[in-house]
Engineer: 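Below are the structure tokens for one structure; questions will follow.
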Number of protein chains: 2
Amino acid sequence: MAKDLEIALLRSFVTAVRAGSISRAATALGHTQPALSQQVRKLESAVGHPLLHRSPSGVLPTRAGEELLPYAERILSLSAQALTETGRALTGHCGVGLLEDLAASQLSQVLADLARLHPGATLEVLSVADVAMREAYDTGRVHLVLNEVPALPGPPRWTVRRPLVWAVGTGVDPAAQPLPVVLFSNPCFWRTSVLEAMDRADRPWRVAFESNSLVGVLAAVRAGLGVAALMPANLEPGMACHDADALPVLPDVELGLARHPRTEGDPLTDAVESALRRTI
Amino acid sequence: MAKDLEIALLRSFVTAVRAGSISRAATALGHTQPALSQQVRKLESAVGHPLLHRSPSGVLPTRAGEELLPYAERILSLSAQALTETGRALTGHCGVGLLEDLAASQLSQVLADLARLHPGATLEVLSVADVAMREAYDTGRVHLVLNEVPALPGPPRWTVRRPLVWAVGTGVDPAAQPLPVVLFSNPCFWRTSVLEAMDRADRPWRVAFESNSLVGVLAAVRAGLGVAALMPANLEPGMACHDADALPVLPDVELGLARHPRTEGDPLTDAVESALRRTI
DNA sequence: GGGCTGTCATAATGGATGCTTATGGCCAAG
DNA sequence: CTTGGCCATAAGCATCCATTATGACAGCCC
């Protein structure tokens, strides 16, 4: 029977990668640097591959480390959710509005888990255009909104920055001039930042396809119509761009969560909010 | 900062539930009974709720234990997958045929993970009717098929039994006479076993709706057209039947995996097969 | 009713595990 | 050339944890 990983080691590893340094991770976790060093080493011997490139200026994940990272983060998230939600039996209702790119990711699975765990509670997830979202928020149908910060219907309680990556369809040359681009057609905030990024890089481009849904964009990229800027979680297997220099650098997106003031203190909304924050 | 669960403790807990006894779980894990007893106790104190009902005839999960169980199993599965797949860089192609009820569950997510982990490999998942599946298997397009044992296109390499549960739409009375039933319309093996179960229970029934896709069945149940027999993973939040005696007992389904002999020894197919086996 | 056999819980011991302190090497910036 | 960041290594010591050795309890069979 295969051995198990240990969650504490995964936490050390993830913290080290996020902190960019074993020492900082150590203080963040309330331990000493040799302890963390030892833990990472143990994890590496369990996995069988080196996970971090050590240098006098800090650490960076190796190839194997980058592969392990998403698994580690999901395990940590599941562990935290199991720990806080088991045996609580929440009831009530919570409406959640999500940016479409987020709804397609593992977030919806986490929310489904939460709903299954609390049979007395109901969750409603919707991802619609920003104006409709604002209305749903104002009327109280949606209690939590996770979206780009400028599009939030209320003040953000917290924010996170996420990178964008290029998705390249099969048969598309990322060096083409002009570059065929697949875009969201609706008022999408990163639509403009993507185009600005290309203008800054003096890169000629043309709109090859527009769609107002993520599945449409994905289908267009898959069909080889052009390249698109997506969140990494929505990349399909063959779409990653392996040549980092062929395409302009993309800006990060800043996501934030707005919570309707009327739900202050509601335990179910609390649980959903912290699940979102953990998973995002 | 919240404490972490420990994977070893989760493994002990899951093994104990599956074995129905702490002692058997201990020998299965190669430890002694007090060690397991101690581990379960530690997990209980970490979660803050008792997880097992102890009795002189064995153990049964408590309510909190049943809630924790799916989390624990997913964490174990993720851990095993991370452990065996990181840094392996598999290449090639693998076609997978899935029973539609399985394709809708977390299986597809696990396969997507696998594909993302090995950018040089391609995976193709299809879930079609049994005859089409057999043809895809015979022509070599599909290398692994996970389906009910009688429908497999080749001899099963391994099998698992899974329970079926009743899904009850909102507004449907599970005690109605005759019982309105939502069915898969195609040659589906458990269609007949479901109807036999009702005949055995002398329960009059009528077909309220037929569909040949899972989403159709789910939509019908959701709309309150009747009850359906599903795998637990496909139950939507509000559909669980809380009155255990109102509906006849459902038989288990026996799932098996067939592997095309030409793929013997192929590492990618090995990896996909073991991922399926772990997750199912 | 009295073994017998299964279950789980508890207590004490000894060894392994893992954190800490203390040190050294390395590189870049001042 | 020194200083201050980083990481690795070594040795001591506390803690943790699995083991052995028990005890309590329930069912089964003679």
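Computation of the quantities below employed the complete heavy-atom set of this structure, encompassing side-chain atoms and omitting hydrogens, waters and symmetry-equivalent molecules. All chains are named by letter (A, B, ...) in the order of the sequence lines, taking the proteins before the strands, and each is independently numbered beginning at 1.
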Engineer: For the pair B:Glu73 and B:Arg18, find out whether any cationic side-chain nitrogen is under 4.0 Å from an anionic carboxylate oxygen.
Structural biologist: yes

Engineer: On a heavy-atom basis, which atom in A:Arg278 and which in A:Ala80 lie closest, and how many Å separate them?
Structural biologist: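 Minimum heavy-atom contact is CD-CB, 3.3 Å.
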
Engineer: Detail all sub-3.5 Å separations between protein N/O atoms and N/O atoms belonging to nucleotides 24-29 of chain C.
Structural biologist:
none

Engineer: Tell me the interatomic distance from A:Ile22, atom CD1, to D:dT9, atom P, rounded to whole angstroms.
Structural biologist: 11 Å

Engineer: Respond yes when some side-chain nitrogen or oxygen of A:Arg54 is under 4.0 Å from OP1 or OP2 of D:dA8, and no when none is.
Structural biologist: yes

Engineer: Any idea which heavy atoms bring B:Ala25 and B:Ala19 closest together, and the distance?
Structural biologist: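 Heavy-atom minimum between the residues: N-CB, 3.9 Å.
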
Engineer: What is the per-nucleotide protein-contact pattern of nucleotides 15-23 of chain D, from the 5' end, where B denotes a base atom under 4.0 Å from a protein heavy atom, S denotes such proximity for sugar-phosphate atoms only, and - denotes neither?
Structural biologist: --SBBBB--

Engineer: Do the side chains of A:Glu44 and A:Arg54 get close enough for a salt bridge, i.e. N-O under 4.0 angstrom?
Structural biologist: yes

Engineer: Identify the residue among A:Arg277, A:Arg157, A:Arg259, A:Arg88 that makes a salt bridge (Lys or Arg N to Asp or Glu O under 4.0 Å) with A:Asp270.
Structural biologist: A:Arg259

Engineer: Have a look at the helix from C:dG1-D:dC30 to C:dG24-D:dC7 and give the angle its two end axes make, five pairs each, rounded to 10 degrees.
Structural biologist: 30°

Engineer: Check the phosphate of D:dA8 against A:Ser37, side-chain N and O only, distance under 4.0 Å to OP1 or OP2. Yes or no?
Structural biologist: yes

Engineer: Rounded to the nearest 0.5 Å, what separation is found between the OH atom of B:Tyr71 and the CG atom of B:Leu76?
Structural biologist: 14.5 Å

Engineer: Would you tell me if any nitrogen or oxygen in the side chain of A:Ser23 comes within less than 4.0 Å of OP1 or OP2 on D:dG5?
Structural biologist: no

Engineer: Does C:dT10 have OP1 or OP2 sitting under 4.0 Å from an N or O in the side chain of B:Arg41?
Structural biologist: yes

Engineer: In whole Å, what is the span from the NE2 atom of A:His53 to the C1' atom of D:dC6?
Structural biologist: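 It is 16 Å, rounded to the nearest whole Å.
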
Engineer: Using atom CG of A:Leu29 as one end and atom P of C:dT20 as the other, report the distance to the nearest whole Å.
Structural biologist: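 Answer to the nearest Å: 11 Å.
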
Engineer: Minimum heavy-atom separation for B:Leu10 to B:Leu5, with atom names?
Structural biologist: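 What the structure gives for the nearest pair is CD2-CD1, 4.2 Å.
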
Engineer: Which distance, rounded to the nearest 0.5 Å, do you find between the OG1 of A:Thr279 and the CZ of A:Arg74?
Structural biologist: 10.5 Å

Engineer: Please give me the minimum heavy-atom distance between A:Leu83 and B:Ala46, naming the atom from each residue.
Structural biologist: CD1-O, 3.4 Å

Engineer: Tell me yes or no: between the side chains of B:His118 and B:Glu85, is some donor less than 3.5 Å from an acceptor?
Structural biologist: yes

Engineer: Identify whether the distance between the nearest side-chain nitrogen and carboxylate oxygen of A:Glu6 and B:Arg11 falls below 4.0 Å.
Structural biologist: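 The answer is no: the pair does not qualify as a salt bridge.
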
